[in-house]
Every structure is written in C-alpha cells, then in structure tokens.
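Quick one: this structure, given as structure tokens, is what I'll be asking you about.
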Amino acid sequence: MARPAGPLLLGVRHHGPGSARAVRAALDAARPRTVLIEGPPEADALVALAGDEGMRPPVALLAHAVDEPGRSAFWPLAEFSPEWVALRWALEHRVPARFIDLPATHTLAWGRDGDQRPESTAEPEDPQEAPADVRVDPLAVLAETAGYDDPERWWEDVVEHRGTAGGDAFAPFLGLEEAMSALREVYGSGGHDRDLVREAYMRLQMRAAQREFGDDVAVVCGAWHVPALRQKSTVTADKALLKGLPKVKAEMTWVPWTHRRLARASGYGAGIDSPGWYGHLFGAPDRPVERWMTKVAGLLRDEDRIVSSAHVIEAVRLAETLAVVRGRPLPGLSETTDAIRAVMCEGSDVPLELVRDRLIVGDVLGEVPESAPAVPLQRDLDRIQRRLRLRPEALERELELDLRKENDAERSRLLHRLRLLGVAWGEPVASRGSTGTFRETWRLRWEPELAVRVAEAGVWGTTVLMAATAKAEADAVAAPGLADVTALAERCLLAELPDALPVVMGVLADRAALDADVGHLAQALPALVRSLRYGDVRGTDTGALAEVAAGLAERVFVGLPPACVGLDTDAADEMRRHVDAVHGALGLLGDAETGMRRRWHKVLRVLSGRDTVPGVIRGRAVRLLLDDGELRQEDAARLMGLALSPGTPPADAAAWIEGFVGGGSGGGMLLVHDERLLGLVDTWLTGVPAEAFTDVLPLLRRTFSAYEPGVRRTLGELVRRGPGERQGVGTAGGGIPGFADELDIERADAVVPVVRLLLGLDGTEDGVAGRGRPAADDLVGATG
C-alpha cells in the first residue's frame, strides 16, 4: 500500500459517510504532519473548539460581515462529513489543521458587490451543489456513463457501499481523481469561473504548507477540485487571479445545526436528501441494514403500530433481495424504504412519511460549547433584552404589557418578531385586565432549546429586525392561501416590520386579484380588519391595509349571494361560517366604515329573502340583522313563519332554525325572551310528519344541545306550560325567576362596585352606589 507521491489529495463528496470513512482510513495510513481542509481560513482560530467536550455535530461555521451583519454564510459539518472527520483526526493526533478555501472576507464581499448569489448560503461546495448557472453536474455525467439514471444511487454503489479496495486506503481517491480529471478536461470549470479563483487560493496555501512540512501534507477537499490542485501552476499566475478581490471585515463562529437543516428541503443549497440515513451508515459498526430496520420498528411501535421481530427479519430479507434484483452491491435507501413500505407499513405511505421525517431526515440537534463566540443574532437579542430589561428566565411567568407605553410596546414588538422567527419565548394569552387592543398578556419561559432556534433563525439575518423581515417576506411568497397571507400581514403589523409589510401587501393584492373563491376572500378579511385596529394603537400606517380590506369586502358583497346558491349541506355549513366571520370582522370597524357595514346589511337582506339560498344561511342572515337592530322583532317572526310554513320541507326548516338560533350565538336566550319565536318553533316541530321527524332530529339535537343547561331547562319549562300559560313570559315576567317587566335599577346598582373592582376602576368615587341611574351610566362609559 504505497502512498502517492507529493501532497496527499483526498477528494470527497461533502456530507458523504463513505468519503468520511475513506478519509479516516487514508489519514491513519499516511500519518501526515498537517491536514488542510476546504473551508474559510478565518476558522483556523476556532479549530481547537472542535475538540471541546461540549461540541457535538451537526454544527456549522458562520461568517458574517462586521459592518453589514445581514451578509452571512454557513459551512455546515455533520458527524459523517469528511471535513469534520479530518478535523477531529488532526486534533486527536496533535497535528496542525488549517482551512485553505477562499477567505470569507472575499466570499462575503462578492455578494455585496453586485453578485446575485443568495447571501444566506455558503460558497457552493461541489458543482452539483452550485448555483443554477453551472452547466455540468459531474456526478450525473459519471452516473450516466456507468449506465445509471440516478446520480445518488451511483454514488452509493461506488462509494458509500464500498470499503477500501484490497486494503489500499488510497485507491478510492486515486480512482475518483482520475474520473474528475477526465471531466475537467472536457468541461473545464463546469461553467462556474469562481471555482478557478478558489482553486488558485488553495494552491497557494498548499505551497505554503509544503514549504513548512514538505510533501507530508494531506488535503481534504471536494473531488471536483482535486485535478485543479494537482495541476502545475506558477505562483504569479495564481496571485494574478486573486488580485483586486473585494474585501469586507468578517467574523466567524460555531453555531449548532440540525439534520433537518442539512436536508435540501430546508432550503440550504448544499444539503443532502437523507442526513439521518447517512448518519446511521456512518455510525453503525456492522450490519447497517439490520440495525436500520430495528430503528424503524422501534419508531413504529412507539406510534402504536403492530411491528414484530418477524417484520424486521422479513424486511431485511426483502431489502437484500431487491438489491440483488437491481444489481446493487448492498441494499441502499431505496431498497430499505421499499421493504419498509411493503412489510412494516402494509403498502401505505402514511406511516412511511413518519419514517422519512423522524429517521431518514431526523431532528438531531448539534451543540456548541459556551466558550464559542456568540451568534450575531443571539448578540443582538441579548442587547435588546438588556435594554428592555426583559431577562430570560427558566421559570414560567406572565407579563402584562400596556402598548401605550414605549418600553412595553418595544417588548411586544420583540416577542412578536421572535414568534415569527419560530423562537417561542413568549406565548400570548388572554388578558385579565382588558380585552382592548392597547393591552397584551404574555406567558414567558426561556427553554435551553430556544438557543438552537435562535441559531437556526440566523439564516434569515443577524439582527432580530432583519431576520424577522426576511422571514416574513419569504413566508408571504410561500404562503399556500390568501388567508395565510392576510394572517401574515397581521403578524407583520404586530411585530412592526415596515420593510416586510409592503412585500406582504403586494403578494396579498396579487393573490386577492386572482382568487375568485368567495370563501377564500371571506377567510382573509377578518385578519385585515384586526390589523386595521392594531394600527390605531401602534401608530402604524394602515392605508394599504384599508385599501385591500375595502376591496376584499366589496368582492365578498358582490360574490356572496350567487355563491350561496346550489350548495349541499356541508358546503352550506361552511358558507355560514364565512358569513359569521365577515360579520364579526365588519363589526370591529369604526364609525368611519359605517358605509361598508350598510352594504353588508343589504347583502344579508338579500340572503334572508332568497329561496334558492340554503336555510341555514337564510336563518343566520335574519339573526344577524336582528342582532344589529336592522330588523324588527315582528319582521323576524314573519320570516321565521314563512320558513317554517307547511310547504317548506322539514329538513330545510330545521336548517333555517339551526342558522337562526344555533351555532353558539345566544339563540337559546332569544327564544326564552321572545314568545312569538318560541311559539313558531314549537308549532312547527309538533307538526312535522312522523316519517320526516327522524331526518330532522339529529340537526335539532345539535342545535339545542349547544345551549347552556339553564337555558335548556327554562325552554323546557316554557314549552311544558303551553301557549296559554306562558303568555308574556320573557317580556312581562310570567312567573319565571329572574324576569320582570322592567329593569330593577336598585338591584342593578348593587353589583356596580364589584364590577368596577373587577375592571380595575376606582370604586370609591361618589355616585358609585346608591345614586341610581348615574352609577350605571358611569360604568357603561368606563367600559364602552
């Protein structure tokens, strides 16, 4: 097993467990005097931390520009990353380890000076992981040449499932270097000229190491770069490529990372599809397929699925058989997944999704020692916490905020921004003192895991404001529905993100213009109306919100009547909920929007009198008009009498009753107090034919079972007495306890002091008790 002449170039695939094992074997065989690793040289000062007991991968190197913290880049490393293995090997053997890629000071400046590369990702580690302008995927070319249609499967077969060839630890790297050399001869830089600059810098660092240690140097880098590092080039030519590169002052630190962030689905461009699977392959000492199937069985058992040891045995056999049939040396992820689906999941993809989420990707969290420099986002958060005197505490506590006070308003903004970033330090709860928009109550508790959430949120920016803004903009573009965008606009207003709100409103306007579904428009309106109220307290310009809200409302007014025609039972119930949502939203508008509410009342009148509209919607429209004082009691009784007439099918009449007095809208008390309405319902119900009664009974039970027990008991008493005996009950006493002809002022004033105490008002003022009407008026004015 002879070592190749010159520096030992170990070409790898980043985050590849097979490459990691091969690197460790080659380093053990070569015993170099120094190890050079592809990565930013600013990280040399952080190498020692990789050997700290508190360091546990996955972790990442984070670089950011000092004068522009939002410009940052990450270099993630997992336990199965070849670079991490090389770093740990050097520390264990007390060998110097250095990073030799282009410094972050240049990488970050490239993005600042007009380059359109995303700023939140590191410089591409391999051409297959590079931006979209790269014209060649070397793995795809090699896979196609070998007769594979899947580059991932080819790489698994030739690298991940292969040990050292004949005990030669260097043979795998020589074969891969030969293949990459052939590709570089044909494709050059692969369409990405920036690699030429990076490789020039690496060659200079290699020469410097050779002057110090001779050829006893090992280099761990992406396999694509190996031919370029091997080629003969003069120092002058390499320095010429580096001349005039832009620079920024950069800082670097270690941050915790997760397997989920390593996955491509997380948005990190240089990720891998199955970090959990790769971690298993790297960590399993032997029999990786058997151990994997045992893990899967344990997960499914925890979810109360019946999986026995026999299932594990059969799944292993099937995976091995599939590998033989498909001509693979060992079962890979596709074979094990197919076997799990067939044997353990009974052909269903539903439990298989759980396996993908929990094991194939996984939720492994890294750890960084306390001695590591702080993450920029964490630094900004610490600074804000000190300024606002809002210290993180492990114990749960409630925090009352009065948004009319500047310090409390800033605290509210911070907590809302953190929630938008997924850092759930605070949870909003119902306020005990007031339901007004000027007061908020938060339940705070700082968990250790939140430090990881802060680090993960750092991909959006290095200050809380910048990160929340970037996250809101990205969420707006990715929002699945119109209601999601309006809810996001509400959150932007609460968090006071002035730069994100125009982007969100632009997406909202575009979605609203294209969405013709009245249900979607009705779902979106409440959040916009709530946002208009928040603007009054927080001093935010809500002009754009008001315009979009008015446009949405107008489209709802126009589209709702025709949308309510020809609906089945389920669709009618859903549309009734939309009607409730729109009515509740418009009820929050101030006096300036009375014109909009008048338009809405006209729509409700149309719905209440149109026979083609389902009964549940017609009944609800009548009830809403009655509650708003837009319909007299006798008119409501007339409409109910028409809906419950003998010519109306019993099912439609029951649906009308459900809409009018159901849905937790206080309909029970309305029947208690209105003799005519209760008599109409009673008369209709006793006249329903026997053959139709069983059809309408479930709906009626659902309607009346939602009432409070006391209301149901009172209604039963009224019905038992009959029309003659209950005359006047609810409107003129009638002997039912608690009801009288008029309001008893003295009894009402007796509770005023207690109510004022509950509301936090001064209960010692003159006129609170014993002064009759002024006390009640005083209380109404204080709470209105």
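These numbers were taken from a predicted model, which means no experiment stands behind them. For the single chain, residues carry numbers from 1 onward in sequence order.
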Query raised in the report: Has the side chain of Ser81 got a donor or acceptor atom that lies under 3.5 Å from a matching backbone atom of Glu83?
Result: no

Report task. Verify salt bridge (charged side-chain N to carboxylate O under 4.0 Å, His left out) between Glu212 and Arg98, making sure each step is shown before the conclusion. Result -> CA-CA 13 Å; Glu212 185 176 355; Arg98 301 172 183 172; 2.9 Å; yes

Query - Test item: Arg88 side-chain N/O and Ala50 main-chain N/O as donor-acceptor pair under 3.5 Å - result: yes

Requested in this report: Could you tell me whether a side-chain N or O of Arg291 sits under 3.5 Å from a main-chain N or O of Asp286, the two making a donor and an acceptor?
Outcome: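 Judged by distance alone, yes, a pair lies under 3.5 Å.
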
Query raised in the report: Considering all heavy atoms of both residues, which atom of Ala60 and which atom of Trp257 are nearest to each other, and what is their separation?
Result: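 Minimum heavy-atom contact is CB-CE3, 3.6 Å.
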
**Report entry** Validation row: Met55, Pro369 side chains within 4.5 angstrom (heavy atoms)
**Finding:** yes

Query raised in the report: Which atom names give the shortest non-hydrogen contact between Pro40 and Ala104, and what distance separates them?
Result: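 It is CB-N, 4.1 Å.
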
Query raised in the report: Between Pro373 and Leu49, is any pair of side-chain heavy atoms under 4.5 Å apart?
Result: yes

**Report entry** Test item: side-chain donor near acceptor, Arg328 and Ser334, under 3.5 Å
**Finding:** yes

Query raised in the report: Taking the side chain as C-beta and beyond, is there a heavy-atom pair between Trp110 and Val197 under 4.5 Å?
Result: yes

Report task. Would you please name every residue forming a salt bridge (charged side-chain N to carboxylate O under 4.0 Å, His left out) with Glu53, sequence neighbours left out? Result ->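 Result, salt bridge (charged side-chain N to carboxylate O under 4.0 Å, His left out) vs Glu53: none returned.
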
Query raised in the report: Is the backbone of Pro288 close enough, under 3.5 Å, to the side chain of His280 for a donor and an acceptor to pair up by distance?
Result: yes

Query raised in the report: In this structure, are over 12 heavy atoms from other groups packed under 6.0 Å from Arg301 atom CZ?
Result: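 Result for CZ/Arg301: enclosed.
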
Query raised in the report: Once you round to the nearest 0.5 Å, how far does OG1 of Thr107 lie from CD of Glu42?
Result: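 Answer rounded to 0.5 Å: 7.5 Å.
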
Query raised in the report: Short question: side chain of Arg417, backbone of Val464 - any donor-acceptor pair under 3.5 Å?
Result: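 Such a contact is absent between Arg417 side chain and Val464 backbone.
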
Query - Main-chain N/O of Gly332 paired to Glu335 side chain as donor or acceptor, under 3.5 Å - result: yes

Query raised in the report: Taking all non-hydrogen atoms of both residues, which atom of Val368 and which atom of Ala372 are closest, and how far apart?
Result: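 Looks like CG1-CB, 3.2 Å.
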
Query raised in the report: Got a second to check how far Ile360's CD1 is from Asp273's CG, nearest 0.5 Å?
Result: 10.0 Å

Query - Residues Val355, Leu300; criterion side chain to side chain contact (heavy atoms under 4.5 Å, CB included); working and verdict - result: CA-CA 8 Å; Val355 176; Leu300 295 177; 4.2 Å; yes

Requested in this report: Assess whether side chain to side chain contact (heavy atoms under 4.5 Å, CB included) is satisfied between Trp154 and Leu142, documenting all intermediate values.
Outcome: CA-CA 8 Å; Trp154 173 81; Leu142 293 175; 3.6 Å; yes

Requested in this report: Please determine if Asp195 and Arg198 form a salt bridge, counting it only when a charged side-chain N lies under 4.0 Å from a carboxylate O.
Outcome: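 Yes, charged N to carboxylate O under 4.0 Å.
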
Query raised in the report: What pair of heavy atoms forms the shortest contact from Ala30 to Asp216, and how long is it?
Result: O-OD1, 4.4 Å

Report task. Show your reasoning for whether salt bridge (charged side-chain N to carboxylate O under 4.0 Å, His left out) applies to Asp382 and Arg379. Result -> CA-CA 5 Å; Asp382 293 340; Arg379 287 177 181 165; over 6 Å; no

**Report entry** For the student: nearest non-hydrogen atoms of Val248 and Leu108, plus distance
**Finding:** CG2-CB, 3.7 Å

Query raised in the report: Do Val312 and Glu290 touch side chain to side chain, with heavy atoms closer than 4.5 Å?
Result: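 Sidechains of Glu290 and Val312: no contact.
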
**Report entry** Test salt bridge (charged side-chain N to carboxylate O under 4.0 Å, His left out) applied to Asp475 - qualifying residues, sequence neighbours left out
**Finding:** Lys471

Query raised in the report: Do the side chain of Trp254 and the main chain of Leu46 share a donor and acceptor less than 3.5 angstrom apart?
Result: yes

Report summary line: Rounded to the nearest 0.5 angstrom, the CH2-CG distance for Trp75 and Asp101 is 8.0 Å

Query raised in the report: Under the 3.5 angstrom rule, does the side chain of Thr105 hit a backbone N or O of Lys247 as a donor-acceptor pair?
Result: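 No.
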
Requested in this report: Check for a donor-acceptor pair, side chain of Arg184 on one end and backbone N or O of Gly188 on the other, with a separation under 3.5 Å.
Outcome: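 Judged by distance alone, yes, a pair lies under 3.5 Å.
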
Report task. Please check if atom CD in Glu79 has more than 12 non-hydrogen atoms from other residues, nucleotides or ligands closer than 6.0 Å. Result -> no

Report task. Before giving the answer on side chain to side chain contact (heavy atoms under 4.5 Å, CB included), spell out for Thr469 and Trp460 the whole-Å C-alpha distance, their side-chain angles and the decisive distance to 0.1 Å. Result -> CA-CA 8 Å; Thr469 299; Trp460 300 106; over 6 Å; no

Report task. Using a strict 4.0 Å threshold on nitrogen-to-oxygen distance, state whether Glu320 and Arg317 make a salt bridge. Result -> no

Query raised in the report: Quick one: CD on Glu38 to CD on Gln205, what's the gap to the nearest 0.5 Å?
Result: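 Going from CD on Glu38 over to CD on Gln205, the span is 13.0 Å.
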
Query - Greater than 12 external heavy atoms within 6.0 Å of Gln231's CD - result: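 Atom CD in Gln231 is crowded, with more than 12 foreign heavy atoms closer than 6.0 Å.
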
Query raised in the report: Does any non-hydrogen side-chain atom of Gln210 lie less than 4.5 Å from one of Asp215?
Result: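 When only atoms from C-beta onward are counted, Gln210 and Asp215 do touch, with a gap below 4.5 Å.
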
Query raised in the report: Do Ser19 and Val85 touch side chain to side chain, with heavy atoms closer than 4.5 Å?
Result: no

Query raised in the report: So Phe99 and Met252, side chain to side chain contact (heavy atoms under 4.5 Å, CB included) or not? Walk me through it.
Result: CA-CA 13 Å; Phe99 290 96; Met252 182 162 284; over 6 Å; no

Query raised in the report: Quick one: does Arg33's side chain get under 4.5 Å of Val217's, heavy atoms only?
Result: no

Query raised in the report: In Å, rounded to the nearest 0.5 Å, how long is the span from NE2 of His14 to CH2 of Trp224?
Result: 13.0 Å

Requested in this report: Locate the shortest heavy-atom distance separating His15 from Tyr278; write the atom from each residue and the value.
Outcome: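 Shortest heavy-atom separation between His15 and Tyr278 comes out as O-CD2, 3.2 Å.
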
Query raised in the report: If you round to the nearest 0.5 Å, how far is SG of Cys345 from CG of Leu352?
Result: 5.0 Å

Requested in this report: State plainly whether the residues Arg358 and Glu303 are in salt-bridge range, i.e. N to O under 4.0 Å.
Outcome: yes

**Report entry** Residue from Val219, Ile100, Leu102 passing side chain to side chain contact (heavy atoms under 4.5 Å, CB included) with Met202
**Finding:** Ile100

Report task. Decide yes or no for Ile340 and Trp292: does some side-chain heavy atom of the first lie under 4.5 Å from some side-chain heavy atom of the second? Result ->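 Touching, per the 4.5 Å side-chain cut-off.
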
Query - Whether His64 side chain and Ala73 backbone form a donor-acceptor pair below 3.5 Å - result: no

